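Below is one structure, written out as structure tokens, with a few remarks after it.
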Protein chains: 4
Amino acid sequence: MVAVMCSRKGRPRSAEADSAILEATRAALGELGWSKLTMGEVATRAGVAKTTLYRRWPAKSELVVDAVAVLFDELELPDRGSLAADVEGVVIQFAALLERPETKTALMAVVAESTRDEALRARIRTSIVDRQKRLVLLGRERAQTRGELPREPDTAKAARTADLIFDVIAGAVVHRTLVSAEPVDEEWARTFTALLLGGLASVQS
Amino acid sequence: MVAVMCSRKGRPRSAEADSAILEATRAALGELGWSKLTMGEVATRAGVAKTTLYRRWPAKSELVVDAVAVLFDELELPDRGSLAADVEGVVIQFAALLERPETKTALMAVVAESTRDEALRARIRTSIVDRQKRLVLLGRERAQTRGELPREPDTAKAARTADLIFDVIAGAVVHRTLVSAEPVDEEWARTFTALLLGGLASVQS
Amino acid sequence: MVAVMCSRKGRPRSAEADSAILEATRAALGELGWSKLTMGEVATRAGVAKTTLYRRWPAKSELVVDAVAVLFDELELPDRGSLAADVEGVVIQFAALLERPETKTALMAVVAESTRDEALRARIRTSIVDRQKRLVLLGRERAQTRGELPREPDTAKAARTADLIFDVIAGAVVHRTLVSAEPVDEEWARTFTALLLGGLASVQS
Amino acid sequence: MVAVMCSRKGRPRSAEADSAILEATRAALGELGWSKLTMGEVATRAGVAKTTLYRRWPAKSELVVDAVAVLFDELELPDRGSLAADVEGVVIQFAALLERPETKTALMAVVAESTRDEALRARIRTSIVDRQKRLVLLGRERAQTRGELPREPDTAKAARTADLIFDVIAGAVVHRTLVSAEPVDEEWARTFTALLLGGLASVQS
DNA sequence: CCATAAGCGAGACGGTACGTCTCGTCTTCCG
DNA sequence: CGGAAGACGAGACGTACCGTCTCGCTTATGG
């Protein structure tokens with residue numbers, strides 16, 4: 001039973017508008033980049049008035065978070081038979097996502113903005129970051145089922161380790177892609193995964 | 001006959017202005033954050049005309065890169081006697097640097113901006129990123145001298161490994177600090193270093 | 001089967017709404033003035049939906065004309081025994097009406113608006129201006145009965161003279177009140193009336 | 001000796017911009033009328049940025065006062081040989097001025113606005129109203145020189161009379177033109193002048 | 001030793017985008 | 001079916017910065 005909590009009176013908000021806006025935001029991000037993206041441009045592209053935009057999103061950064069969040073949900077953990085192969089696969093997928101112009105320009109910008117805006121940071125975590133931790137948890141579960149990893153009885157430690165793994169994977173791939181501006185190819189993914197899993201073994205033992 | 005000497009005539013540029021501008025930029029960054037930082041504000045704080053500012057830096061992003069670059073040069077690799085201790089030390093230092101408000105807000109912003117501006121990316125690499133790789137190289141050298149690490153005869157592979165290490169360290173610390181917004185304390189540094197060095201052993205063997 | 005009867009079914013229009021709207025318009029005019037008066041504000045004050053308001057009045061100016069017209073109907077020509085006294089009385093009354101904030105701000109504004117809107121001009125004449133000419137006609141009739149003024153046999157000329165008197169009285173009082181921003185006190189009224197009646201004598205002779 | 005009071009520093013304001021703006025304002029007023037006149041439109045027509053407009057005039061109403069004020073300075077009191085002829089001439093001129101679309105729409109609008117804005121009222125008086133009183137004073141002087149009018153020894157009373165004459169002339173012509181929307185032709189001017197001068201005689205005796 | 005030339009502060013300039021406001025219309029549901 | 005509630009497309013508002021452009025200084029060399 002979900003509480004619907006609707007206002008009940010007056011004309012309801014257009015659902016089409018929402019998706020048109022998010023779609024337009026992604027397109028404009030890809031073409032113009034974060035700093036040249038304007039609310040007015042998004043409104044025009046979406047065929048919507050500026051007021052409609054501001055009624056739903058108070059700021060550019062929040063709009064962009066929502067617009068790109070859905071892209072991150074496309075990430076999957078394909079079962080390739082071994083933990084290493086699974087990690088390599090997700091690393092490649094993640095890097096491919098970061099190569100898309102709308103993601104590339106948006107991600108660092110909203111993180112930068114979030115350093116001064118607690119609400120924005122929360123939105124980023126809720127809409128993007130925390131939802132990808134599922135991949136780490138699922139990967140571990142699968143590896144444990146396969147017997148590749150031992151089960152950690154201390155749940156607090158297990159959670160800390162998952163966070164560490166997430167920071168290492170996401171951080172390294174983002175840094176390689178956006179800062180070093182080098183490609184994340186099969187070879188890099190293999191080497192990186194070897195480092196991660198090798199290191200993990202030493203940490204857990 | 002080409003005149004070899006340039007900028008001989010006319011009033012020379014004020015050296016004080018340069019440092020006042022960079023100092024003002026850092027201060028304003030800390031107080032206002034990237035997105036509210038304006039060229040006009042920097043000029044006012046530095047007691048300088050906008051013209052003077054634009055004569056030296058064509059854009060906000062380049063100014064900010066120069067303003068924060070010097071902060072990164074403060075990072076050192078103190079000799080703590082073991083590779084692990086050295087790495088832990090530099091991780092803590094790096095995290096402390098990222099906690100400073102001017103660095104925190106500036107770094108991600110200029111990286112975001114650089115996704116659409118090749119010249120800016122180059123400037124970031126030259127002024128900030130590449131200069132910190134010296135820490136990785138120095139650390140490895142020191143560890144090899146101590147006998148903690150073998151010498152890699154294949155120089156190309158050695159370079160690739162250094163890049164990987166750099167991406168992993170910088171990426172993980174940045175992600176932990178700015179995205180996860182969790183503190184990089186002694187414990188995290190120890191665990192992360194264990195993972196990194198443990199993984200490195202498996203990669204190199 | 002076409003429904004033959006119209007406006008039989010459905011909820012009839014609220015008569016209360018009309019007076020609430022006009023009352024709210026006068027109140028808002030007094031507080032905000034013409035230029036800050038908005039349809040939305042009137043609707044809110046009247047406890048009425050904007051739709052209801054627009055269904056009855058197509059534009060702000062027409063609403064305001066109706067709202068203030070009723071105030072002008074309060075003007076009377078009290079029988080003070082002589083033509084001069086009657087005129088003085090009506091001049092004072094008219095000036096007092098123009099001192100009310102809602103009238104003051106509304107009258108000139110709708111006249112200004114009417115310079116570009118023939119329908120509005122007609123509405124103003126019908127609702128406000130022409131209805132006050134009765135005062136001129138009544139005053140003349142009374143003066144003729146008293147023998148203070150001769151009867152003009154040429155009805156066209158009589159009408160022209162009435163129009164002239166009306167323009168002079170209304171124009172002078174409005175100009176004194178709103179443009180010169182000087183008070184219309186007993187003395188001014190007496191002097192002005194003397195000028196008017198004295199002049200009238202020379203015109204008619 | 002006029003105090004020049006100039007800022008001396010920085011780029012001086014463009015004198016061309018001022019006249020282009022006022023000219024554009026008059027043109028736009030004539031075409032669009034007061035209520036459709038926008039600051040942006042004026043700026044565009046003048047080939048000027050909105051900021052430049054707002055730097056000089058804080059509001060539409062003040063801009064319009066300045067724009068139309070100059071038109072009122074065109075009024076003259078031509079010497080036609082007799083007081084009556086002079087008055088008739090100025091009445092016709094004034095009416096012709098009020099028939100121009102830019103004046104017609106602007107005058108009542110700024111007066112309406114001034115009922116809520118003391119500074120605007122002052123500006124109107126300074127820039128428009130008081131400057132036309134010269135016509136009354138000059139006309140009287142000329143009539144006195146001709147011997148058509150006696151010299152009034154009581155200067156305060158003389159001033160009050162001049163104000164009265166001004167309110168009557170300006171008020172009647174404005175009312176006839178803008179409210180009654182009837183033409184001020186030769187005949188009306190003659191009748192009105194007869195009334196005014198006849199009345200004046202009774203007042204002054 | 002003063003002409004030349006660049007740098008400097010101040011601030012106006014033509015622009016662009018902002019985020020808000022009001023307009024007049026259009027759903028929606030309630031009575 | 002009238003009415004309240006309120007979302008909608010449109011577009012003006014007045015402000016903030018942008019990066020450029022005069023201005024009238026100031027400070028260096030170099031003829």
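Chain letters run A, B, ... following the sequence lines, proteins first and then strands; every chain starts at 1. Keep in mind that what you see is a predicted model, and the values were worked out from it rather than measured.
Under the side-chain hydrogen bond (donor to acceptor under 3.5 Å, both in side chains) criterion, D:E41 pairs with D:R45, not counting sequence neighbours. The salt bridge (charged side-chain N to carboxylate O under 4.0 Å, His left out) search around A:R55 returns none, not counting sequence neighbours.
Salt bridge C:R123/C:E62: present, at least one basic N to carboxylate O contact under 4.0 Å. Between A:D18 and A:R13, no side-chain nitrogen of the basic residue sits less than 4.0 Å from a carboxylate oxygen of the acidic one, so the salt-bridge criterion is not met.
Rounded to a whole Å, the CD atom of C:E113 is 14 Å from the C1' atom of E:dC23.
Positionally, the nearest nucleotide of DNA chain F for D:M39 lies more toward the 5' end than for the other of B:L37 and D:M39.
When side chains are defined from C-beta on, D:P101 does not count as touching D:L29, because their heavy atoms never get closer than 4.5 Å.
Taking a 4.0 Å limit (strictly below) on heavy-atom distances, residues 14-36 of chain A reaches DNA chain F at A:S14. Annotation: proximity of residues 40-62 of chain B to DNA chain E (heavy atom, distance under 4.0 Å) is found for B:G47, B:V48, B:A49, B:T51, B:T52, B:R55, B:R56, numbered in ascending order.
Of all heavy-atom pairs between C:L37 and C:V42, the closest is CD1-CG2, 3.7 Å. The two residues A:V48 and A:A17 have their closest heavy-atom pair at CG2-CB, 4.2 Å. Heavy-atom minimum distance, A:S127 versus A:A69: O-CB, 3.7 Å.
Under a cutoff of 6.0 Å and an axis angle of 45°, D:K104 and D:W34 do not form a cation-pi pair.
Note on residues 105-118 of chain D: pairs passing salt bridge (Lys or Arg N to Asp or Glu O under 4.0 Å), not counting sequence neighbours, are D:E118-D:R121.
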Sequence-aligned protein contact record of nucleotides 25-31 of chain F, with B where the base is within under 4.0 Å of a protein heavy atom and S where only the sugar-phosphate is = -BBSSS-
